[in-house]
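Read through the structure below, which is laid out as structure tokens, and then see the notes.
Position 1 is the first residue of the sequence, and the numbers go up from there. The model shown is predicted, which means the values in this text are computed figures rather than measured ones. Every heavy atom of this structure was used, including side-chain atoms; hydrogens, water molecules and symmetry mates were not.
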Amino acid sequence: MDKNSVTGLVLITLILGVFWWMNKPSEEELAKQRELNRQNQIAALQEKEAAKDALPIADKITESIADTTSDEELKAKFGSFSNAIKGETEFSTLENNLVKITFSNKGGKVYSVELKDFKTYDEKPLILFDGENNTFGFNFYHNNKPFNTNNLFFNKLNSNSKTSIAYALQTADDQELTFTYSLPEDSYMIDMTMSQKNMDGIIQTNRGSLDFDWKVDVFAQEKGRKNELQNSGIFFKYDQDDLDKIQGKSGEEEIRTPLKWVAYKDQFFASVFIAKDKFTSGSVAAVVNDIEGSQVISTNKSSLVIPYEGGIESSQDFQFYYGPNHYLTLRKYKDIELHKIIDLGWGIFGWINRFVVIPVFNWLEGSIASYGLIILILTLLIKVALFPLTYKSYMSSAKMRVLKPQIDAINEKIPADKAMERQQATMGLYRKAGVSPLGGCLPMLLQMPILFAMFRFFPASIELRGESFLWATDLSTYDSIFEWTTNIPLISSFYGNHISLFTLLMAVTNIVYTKMNQEMTASTSQMPGMKSMMYMMPIMFLFIFNNYAAGLSYYYFISTLITILQTVLIRRFVDEEAILAKLNANQKKPQKKKSGFQARLEEMAKQQQKAKAAQKKK
């Protein structure tokens, strides 16, 4: 890239930046537009729901009933469920040492969930969801009218149990629909049984199934809202297949195959509804709330189809998981693959995390209290394991470096317009010396899966949540050392209004390492424009990682620092004159027969050179 090209790119960037700044909307306009987009998304979902045959209109029914409505009128309108239309909301709780679950007789449902071992980033009780805005109900028909259990008043059955609670929707004719919840000790999993007695003629369904609606406003729990949004969403596991997700964005999806569970997940916690059998089909939708400062980060909704047999008596079993996205905790439920809601990366990256990084991390966690030291030791172990590859990569670069005078001699001897001939001569030199120009690339490529695996590991590690190290008060989010409130165009929207020190240190060490590499490879570089491009990467990292977990930036900082130290030590003990002597000796040895692949490459090069020569003559 020459000077004129660089100047042109800079001028174009400046012109576009000035044009954007002059025409950018104000913060008030942006906030209004975000709120309008959110309202439009919610309205679209509501319109779609309104088109369903089994539309739950219990809300409208309830709103249409005045307090003066007589029992006779209620009976005439709502049949056997007239006594459940009106009532007073009452709450009950079940709790163990891990969770506190509040139930409401309106809907006979879970009203709110508190995780007792955790707090929000500002030290408030950690509530997964709470309030009437969250819906949980089964849709059905009665007397040709649609109902939803979410808005009907259940009777709490008498029970002195501290581990279970039951709500029944009862009629005057010994008919009832009962929801029974059981919470074991030391568990985030709660069991639910839906049973019916003599309701076959009361609950009417169109398809031998019940439609179930579940909507939750997911609360913001973490300091870094942008990072929390990126790691939140709806995950759903197919009954006979892998899982799918809508993550970090608004979206919806129709599901026509059986499901095992649906999870509403934020960065470190989840609410999961699990079928002991399966859900026949359904749909899921998420509306992301990107308004800064709002308590709600997204509104998640699912409509699931549940088989319903009816008969004199029948029951169906479900489970709820209300708890942390902790790999070992979720791994206990490996039969339903609940651990897959933790995004550890796909393919080889996920395998590295599951079978190498997490076991080592948990082993260190058992004897070391400081997570900063755990990350340091983990990094050292990884770098020691990768040292043979680092050494091989350095030696390959050293061989290329000591051969540079001979390559310069070839370039002086063969004119630049004979590029193919020059390349053949250079490759011939490499072959005689026993050097591969790609010898340094393969070791570096083999290390890349580790780097990408760690990129997924740290943002998903709840173990780092709330853990401090040095100046970082929470290794699971950014470690700001300086913040500002003024909006800076292009920077605030992407970079944020803060500076993270570990990210800054990571960028500085990457610049130092890049400079070292440039000094070592300058003599062999054939692409001058690449030098400036290599320095752009650390600057890009500074912007990309500023909102990420401090633990991740700390790992990359330590990893790069160790690599720099390894490189310095290797340079000190490697004799490049001895390397050159060995390569020169290799060139004097009888040459081995060319491989078939190499011979074909050289033949292709010759043919291309002949074709170019023929074109010039024309």
Those residues that, when tested against R225, pass salt bridge (Lys or Arg N to Asp or Glu O under 4.0 Å) (two or more places apart): none
Shortest non-hydrogen contact from [X] toward [Y]:
X    : Y    : value
S298 : V288 : CB-CA, 4.1 Å
L115 : Y322 : CD2-O, 3.6 Å
G323 : L128 : N-CD1, 4.2 Å
N353 : A453 : ND2-O, 2.9 Å
N97  : D117 : O-OD1, 3.9 Å
I341 : A263 : CG2-CB, 4.1 Å

N289 and S294 side chains, donor-acceptor separation under 3.5 Å: yes
Distance-only donor-acceptor check, side chains K265 and S232, under 3.5 Å: no
Are any side-chain N or O atoms of [X] and backbone N or O atoms of [Y], one a donor and one an acceptor, separated by less than 3.5 Å?
X    : Y    : value
S468 : A472 : no
Y391 : L386 : no
N546 : S500 : yes
Y264 : V272 : no
Q247 : Q230 : yes
N362 : I358 : yes

Under-4.0 Å salt bridge between [X] and [Y]:
X    : Y    : value
D343 : K245 : yes
D242 : K340 : yes
E228 : K223 : no

So, using side chain to side chain contact (heavy atoms under 4.5 Å, CB included) as the criterion, who are the partners of [X] when residues are at least two apart?
X    : value
L505 : W471, L501, F502, F557
L380 : L376, I562
K116 : E95, K100
S187 : P184, M189, Y333

Full working for side-chain hydrogen bond (donor to acceptor under 3.5 Å, both in side chains) between D266 and N231: CA-CA 6 Å; D266 61 35; N231 291 280; over 6 Å; no
Can you name the residues that form a side-chain hydrogen bond (donor to acceptor under 3.5 Å, both in side chains) with [X], not counting sequence neighbours?
X    : answer
Y555 : none
D474 : S476
H326 : T329, E463
E365 : Y371

Neighbour count above 12 (heavy atom, 6.0 Å) for K249 NZ: no
Looking at side-chain heavy atoms only, is the closest gap between [X] and [Y] below 4.5 Å?
X    : Y    : result
Y188 : Y321 : yes
E467 : R465 : no
K119 : L126 : no

Among F452, F457, F355, ring pair (Phe, Tyr, Trp, His ring centres under 6.0 Å) partner for F349: F452
Check against side chain to side chain contact (heavy atoms under 4.5 Å, CB included), L504 and L542: CA-CA 6 Å; L504 188 60; L542 183 63; 3.9 Å; yes
If the condition is ring pair (Phe, Tyr, Trp, His ring centres under 6.0 Å), which residues does [X] pass it with, not counting sequence neighbours?
X    : answer
F219 : none
F235 : none
F118 : F269

Steps toward side chain to side chain contact (heavy atoms under 4.5 Å, CB included) verdict (K237, I336): CA-CA 8 Å; K237 170 71 172 62; I336 57 174; over 6 Å; no
Candidate pair K383 and Q566, rule side chain to side chain contact (heavy atoms under 4.5 Å, CB included), full reasoning: CA-CA 9 Å; K383 297 306 290 185; Q566 286 179 334; 4.0 Å; yes
Side chain to side chain contact (heavy atoms under 4.5 Å, CB included) between T477 and N227, worked out: CA-CA 8 Å; T477 186; N227 196 34; 5.8 Å; no
Whether F545 and Y548 hold their rings parallel, tilted or perpendicular, with breakpoints at 30° and 60°: tilted
